[in-house]
Amino acid sequence: MPAYATNMRMKFPIMALVLEIITIILFALFVVYDDGKSDDPHDKASNKSDSKEPMPMDLYPMFQDVHVMIFIGFGFLMTFLKRYGFSSVGINLLLAAFGLQWGLLMQGFLHMTHGKIKINIFKIINADFSTATVLISFGAVLGKTSPVQLLIMTILEISIFSINEHLVAEVLGASDVGASMIIHAYGAYFGLAVARVLYRPGLRNGHDNEGSVYHSDMFAMIGTVFLWMFWPSFNSAIAEPGYAQLTAVVNTYLSLAACVLSAYAVSSLVEHKGKLDMVHIQNATLAGGVAVGTCADMNIGPFGAMLIGFVAGIVSTLGFKYLTPILSSHLGIQDTCGVHNLHGMPGILGGLAGIVAVALGKKEGGNAAMQAAALASSLGFALVGGAITGLIIKLPFWGQPPDQNCYDDSLYWEVPAEEEENEESLAHADHSKNKAEV
Amino acid sequence: MPAYATNMRMKFPIMALVLEIITIILFALFVVYDDGKSDDPHDKASNKSDSKEPMPMDLYPMFQDVHVMIFIGFGFLMTFLKRYGFSSVGINLLLAAFGLQWGLLMQGFLHMTHGKIKINIFKIINADFSTATVLISFGAVLGKTSPVQLLIMTILEISIFSINEHLVAEVLGASDVGASMIIHAYGAYFGLAVARVLYRPGLRNGHDNEGSVYHSDMFAMIGTVFLWMFWPSFNSAIAEPGYAQLTAVVNTYLSLAACVLSAYAVSSLVEHKGKLDMVHIQNATLAGGVAVGTCADMNIGPFGAMLIGFVAGIVSTLGFKYLTPILSSHLGIQDTCGVHNLHGMPGILGGLAGIVAVALGKKEGGNAAMQAAALASSLGFALVGGAITGLIIKLPFWGQPPDQNCYDDSLYWEVPAEEEENEESLAHADHSKNKAEV
Amino acid sequence: MPAYATNMRMKFPIMALVLEIITIILFALFVVYDDGKSDDPHDKASNKSDSKEPMPMDLYPMFQDVHVMIFIGFGFLMTFLKRYGFSSVGINLLLAAFGLQWGLLMQGFLHMTHGKIKINIFKIINADFSTATVLISFGAVLGKTSPVQLLIMTILEISIFSINEHLVAEVLGASDVGASMIIHAYGAYFGLAVARVLYRPGLRNGHDNEGSVYHSDMFAMIGTVFLWMFWPSFNSAIAEPGYAQLTAVVNTYLSLAACVLSAYAVSSLVEHKGKLDMVHIQNATLAGGVAVGTCADMNIGPFGAMLIGFVAGIVSTLGFKYLTPILSSHLGIQDTCGVHNLHGMPGILGGLAGIVAVALGKKEGGNAAMQAAALASSLGFALVGGAITGLIIKLPFWGQPPDQNCYDDSLYWEVPAEEEENEESLAHADHSKNKAEV
């Protein structure tokens with residue numbers, strides 16, 4: 001395969017080391033601890049409307065919940081592929097670890113205090129959030145990109161996210177507490193744009209490694225359940241402390257619960273003999289968390305949150321069943337994890353629900369036009385940013401895997417011995433079987 | 001198999017959708033956010049004896065620990081079966097997601113404020129608790145019931161639980177902070193009564209799918225360890241804030257630690273060549289958390305908690321070894337997960353320990369007779385409620401699996417391709433092997 | 001095998017039961033609940049410099065994070081071996097459950113109030129910490145020791161730890177908030193000393209069971225990621241509440257993030273075709289948490305923390321690649337999990353960084369000489385204590401496994417049927433394959 005230089009020695013290590021060294025230098029120049037003596041009007045952590053004086057560690061349990069979603073949730077959700085578990089959880093760790101540093105810098109540069117970025121729990125929650133966009137996009141191109149390509153995507157996607165986030169929150173003054181628009185819709189359409197640019201005709205008819213095996217589906221459920229449980233923390237972490245935060249928790253908790261019922265029902269309705277499909281269960285049960293994000297801290301009523309989740313579960317499951325095949329066959333968008341169904345459509349649904357809720361006066365001081373502008377901005381930055389990023393990482397020297405090695409850990413990882421051996425001997429063990437079919 | 005209509009298309013989706021729509025309507029009519037202006041004397045969250053004014057999110061980290069126990073703990077604990085992991089963790093999610101909504105309504109109807117149910121963290125912890133009863137009973141009938149049957153069980157079990165809980169806590173005024181009686185004993189004997197009614201003579205001699213494989217036992221340990229770690233939160237979540245809550249944490253932590261030693265010791269003592277048995281380790285190590293539940297916030301002394309845990313570990317392990325086979329062969333009670341050993345006997349032990357502790361004056365204002373009445377009430381509601389529920393779900397149109405398809409995901413789930421294929425080809429891969437033996 | 005009496009019946013159960021009974025008696029004599037009326041000057045929980053009055057449950061979320069690291073983190077990190085998962089997570093649970101009780105007593109005896117040990121959240125965090133030393137040492141001797149040997153090691157290692165901890169913190173007054181020296185370096189060199197004494201020439205050329213399989217590496221990543229995420233809680237749990245605690249969180253979070261990049265880069269740099277090695281990723285990504293421990297609450301600057309993590313990731317990965325084989329072949333130290341690379345060298349690095357930081361005035365009231373003495377003390381107690389422990393558990397009646405049964409669960413556990421069967425039939429299933437190669 002002369003056209004593909006997938007050997008990562010030198011290219012990947014040099015890139016990782018240089019990026020980290022640059023990052024450390026930027027931290028040395030710009031980043032200091034928050035000492036609580038902030039006079040930054042943008043620093044919400046010290047600017048609460050609540051009566052109780054905030055303590056520096058108040059948000060820490062929330063932060064840890066979000067942290068678990070980023071590293072266990074996203075990481076294991078993607079381990080459903082039979083031979084791509086090392087990459088799913090391992091590259092997820094790599095991208096998120098770099099992304100949170102880059103996010104601290106990019107978001108920090110837009111909120112400096114006397115030329116310094118003051119780091120506190122609120123800021124590291126936002127840094128985790130910024131990595132979520134990359135991990136969503138990662139799902140769209142999973143198995144078809146090299147670690148080097150993904151690091152480049154991380155840099156670009158987080159930089160563009162920070163601009164859009166600043167625009168939405170500070171300039172437009174739109175409300176998006178659970179980030180349906182600025183994280184989920186943005187991350188999904190950014191990833192889909194990248195996937196479109198990287199379209200592989202050779203995978204038009206699928207790939208033998210693209211499916212799951214029994215235990216890989218079980219590992220993926222670890223990701224699903226942790227995401228499902230901690231989503232109320234994701235949607236409420238940066239809400240106003242007190243009753244607004246409680247509202248965000250309750251709305252998200254109920255939306256997710258309702259979403260489970262509709263996702264299971266529709267999965268059974270559309271599948272062969274009324275069986276449930278693991279892909280739907282792993283993903284569509286989470287759509288309620290995405291879709292209620294923008295409205296999470298609004299006074300939409302518990303049943304309003306449930307309605308949003310109920311619809312999201314239906315839309316997401318139908319998307320997996322009917323839309324994903326069409327995107328792949330007709331539009332050249334090969335969306336490995338179906339992020340369009342979990343983050344894309346539910347993210348837009350969340351944005352629309354936010355517009356309606358604000359128009360109905362469910363958010364004090366909200367402005368429906370600004371909400372609509374925020375949604376449009378998020379989609380615009382995503383599509384343009386993703387397309388540009390796709391063109392850059394399509395350049396032929398970033399180690400992109402050839403078609404036949406897609407969805408295969410052994411290209412970038414040392415895989416345990418019995419696996420390698422089986423490749424040659426046509427042995428009958430669990431994993432080798434799948435390889436033998438290639 | 002004409003006698004069995006296990007095809008879930010229509011039956012399951014319609015039931016799930018209708019249930020969720022009814023639930024949303026009831027929420028629209030009755031449920032509102034807690035705005036902190038509660039004057040409900042039953043609302044403990046705003047009625048604390050503690051000096052510090054409570055904040056709406058104070059209990060949130062406790063809630064998340066309980067949430068993890070419900071969805072990861074119970075879900076993965078049941079994945080030990082070799083071919084039933086999708087159902088264990090997936091149906092667990094379905095039942096708990098519906099159950100928490102139903103529990104909010106049922107418990108809420110008994111504690112309304114001006115005709116409304118005010119939802120807050122305290123209430124969603126109790127909703128999670130109510131689902132625990134269903135998940136315990138699920139363990140008794142695991143692998144032998146359809147999702148439709150289980151949804152019906154969820155509705156009935158939670159409704160009856162709410163009545164018994166109200167009776168025990170409000171009418172009898174009994175103490176059961178960690179719910180040894182009202183959750184564990186109730187859930188176990190409810191499930192055993194259902195299992196008795198659903199007795200299958202055809203499974204008298206076991207079933208090929210009933211065992212574990214190496215990796216399914218590893219998945220189950222994820223459930224075990226998360227339950228074990230967060231049990232102090234379960235037993236203290238609704239304790240009086242302050243030192244009573246600390247006492248509940250410390251007692252549970254120590255009871256569980258002591259229980260591990262006795263469970264390991266007895267497992268080795270009763271097994272072939274002194275080996276340890278994974279079934280005992282996965283379950284009996286948790287009996288200390290169950291048994292110390294009623295006394296958790298009482299002044300029983302750290303060593304008292306350890307004694308309870310120590311005894312619970314012994315009783316539970318001996319139950320798995322000697323009692324479960326007898327229940328199955330002589331009493332027609334086929335208890336898949338051994339919930340009698342983990343929740344049943346330790347729950348009764350907890351109730352008895354509570355009677356003794358209260359009689360010894362370890363709980364201010366306690367009344368030993370009321371404790372005994374609470375235990376009797378919990379067992380009575382469980383056995384009668386479970387028997388009635390069993391009779392209802394035994395009706396022949398709920399899609400109950402035939403004997404030969406018990407403990408098998410492929411009846412209700414799309415199982416990854418290589419598995420299906422192996423059924424025919426007698427392939428030698430890990431999972432197919434077990435199938436081939438059928 | 002007449003020289004080995006590995007049958008655990010009687011020996012193990014009697015030891016476990018007797019230990020637990022003695023422990024309960026000691027608790028009955030010495031341990032009481034903390035009632036908040038402490039006048040113990042050593043009780044930091046009630047002696048905070050912060051203005052806000054501490055509540056008894058303030059540290060509880062931190063405790064639970066540490067708890068997850070001990071039971072899920074350490075437990076699953078060691079499941080990478082293909083046939084030793086039951087022991088890794090199961091014996092980890094056993095040792096930690098006993099160790100935390102023993103640690104409460106040993107540390108408590110050195111900090112009594114009117115002849116009693118007052119148990120609170122601060123104390124149970126420290127008890128969890130004391131077990132971490134044992135679990136680190138466990139990694140060095142994993143697969144080559146019996147549960148009886150390991151229980152003896154637990155007793156001795158925690159007792160000696162408590163003495164060294166008291167010496168370092170109270171007598172020397174050294175700073176080690178994240179315990180680079182007193183837990184990580186101590187635990188690692190204690191374990192290496194034990195491993196040296198238990199040197200097995202028969203395993204000089206490796207063992208067929210010593211490697212991983214695909215799914216065992218996935219289970220290990222659960223451990224890695226939970227350790228990685230919650231390490232900020234480990235390093236900050238006992239820091240001064242307020243901004244010092246925030247500093248410890250931020251430093252650890254950043255050190256770990258930087259460490260991931262350098263570990264990945266070096267792994268790719270030294271491996272065949274630039275591939276990543278799961279052993280490095282599972283372990284070296286955590287070295288930044290170890291190495292920043294001593295300095296975590298010091299004013300080293302965010303970039304200082306990142307530098308420490310960056311170097312730790314490089315040192316750790318190089319250690320796995322080049323040093324571990326040398327230790328094994330030339331020094332007779334067979335370090336199963338490579339604890340020298342994850343805890344040993346990074347622990348020393350942390351101690352040295354602490355000396356430098358204190359010398360540079362980054363810690364108010366610090367004394368560089370005392371820091372150096374603390375490091376020397378920790379290493380001295382570890383090496384001497386480990387050697388003595390090794391000699392005791394080398395006595396021939398503790399059930400040590402013979403060479404050919406090392407790294408094999410089936411010696412001490414009932415392993416699911418298909419596994420046993422395969423041993424004889426040379427079947428082709430996943431796990432048996434590896435055995436067949438033996």
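No experiment lies behind these values; they were computed from the predicted model shown. First the proteins, then the strands, lettered A, B, ... as listed; each starts at 1.
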Residues B:S233, C:Y60; criterion side chain to side chain donor-acceptor pair (under 3.5 Å); working and verdict: CA-CA 9 Å; B:S233 301; C:Y60 186 69; 2.6 Å; yes
Test log, rule side-chain contact (heavy atoms from CB on, under 4.5 Å), inputs C:M57 and B:V249: CA-CA 9 Å; C:M57 296 288 287; B:V249 164; 3.7 Å; yes
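C:F219 touches chain B through its side chain: at least one heavy atom from C-beta onward sits under 4.5 Å away, while N, CA, C and O do not. Interface remark: B:P61 contributes side-chain atoms only to the contact with chain C (heavy atom separation under 4.5 Å). Both the backbone and the side chain of C:Y33 come within less than 4.5 Å of a heavy atom of chain B. Contacts between C:S88 and chain B at a heavy-atom distance below 4.5 Å are absent for every atom of the residue. Only the backbone of C:V32 comes within less than 4.5 Å of a heavy atom in chain B; its side chain stays farther off. Neither the backbone nor the side chain of B:S216 comes within contact range of chain C, judged by heavy atoms closer than 4.5 Å. At a 4.5 Å heavy-atom cutoff, the contact between B:D65 and chain C is made by side-chain atoms alone. Only the side chain of B:L254 comes within contact range of chain C, with heavy atoms under 4.5 Å apart. If you measure heavy-atom distances from C:L104 to chain B, the contacts under 4.5 Å come from the side chain alone. Proximity to chain B is absent for every atom of C:I70, based on heavy atoms less than 4.5 angstrom apart. Both the backbone and the side chain of B:Y264 come within less than 4.5 Å of a heavy atom in chain C.
Of all non-hydrogen atoms in C:D34 and B:Y243, the two that sit nearest each other are O-CD2, 3.4 Å. Closest heavy-atom contact between C:V68 and B:M229: CA-SD, 3.4 Å. Closest of all the heavy-atom pairs between B:F303 and C:I24 is CB-O, 3.8 Å.
Under the 4.5 Å side-chain criterion, counting only non-hydrogen atoms from C-beta, C:W413 is in contact with B:I281. Contact annotation: the side chain of B:V260 approaches that of C:L93 to within less than 4.5 Å [non-hydrogen atoms, C-beta and beyond]. C:V415 places none of its side-chain heavy atoms less than 4.5 Å from the side chain of B:D217. C:H215 has its side chain out of reach of B:M218: every pair of non-hydrogen atoms, C-beta onward, lies at least 4.5 Å apart. Taking the side chain as every heavy atom from C-beta outward, B:V279 and C:E414 never approach each other to under 4.5 Å.
Side chain of B:Y214 to main chain of C:G85: a donor-acceptor pair is present (N/O by atom type, distance under 3.5 Å, no hydrogens or angles). A distance-only check finds no donor-acceptor pair linking the side chain of B:K275 to the backbone of C:L411 [under 3.5 Å]. C:Y412 places no side-chain N or O within donor-acceptor distance of the main-chain N or O of B:L276, the cut-off being under 3.5 Å.
Here B:Y253 and C:H67 bring their ring centres to under 6.0 angstrom of each other. Between B:F226 and C:F71, the distance from one ring center to the other does not fall under 6.0 angstrom.
The residue among C:A97, C:P56, C:P147 with the most heavy atom pairs within less than 4.5 Å of chain B is C:P56. Taking chain C as the reference chain and counting heavy-atom pairs below 4.5 Å, the highest number among B:Q245, B:M221, B:M278 is found for B:M278. For chain C, the option among B:Q64, B:Q282, B:E271 with the highest count of heavy-atom pairs below 4.5 Å is B:E271. Interface check for chain B: of the options C:I72, C:L17, C:V31, C:I119, the most heavy-atom pairs under 4.5 Å are formed by C:I72. Among B:N251, B:L256, B:I314, B:T285, the residue making the largest number of heavy-atom pairs under 4.5 Å with chain C is B:N251. Ranked by heavy-atom pairs under 4.5 Å with chain C, the first of B:S262, B:P232, B:A258, B:A263 is B:A258.
Between the CG atom in B:D277 and the CZ atom in C:F86 there is a gap of 9.5 Å [rounded to 0.5 Å]. In this structure, the separation between CG on B:L261 and CD1 on C:I21 is 10.0 Å, given to the nearest 0.5 Å.
Scanning for side chain to side chain contact (heavy atoms under 4.5 Å, CB included) contacts around B:V270 gives B:V266, B:H280, B:L318, B:K321, B:Y322, with sequence neighbours left out.
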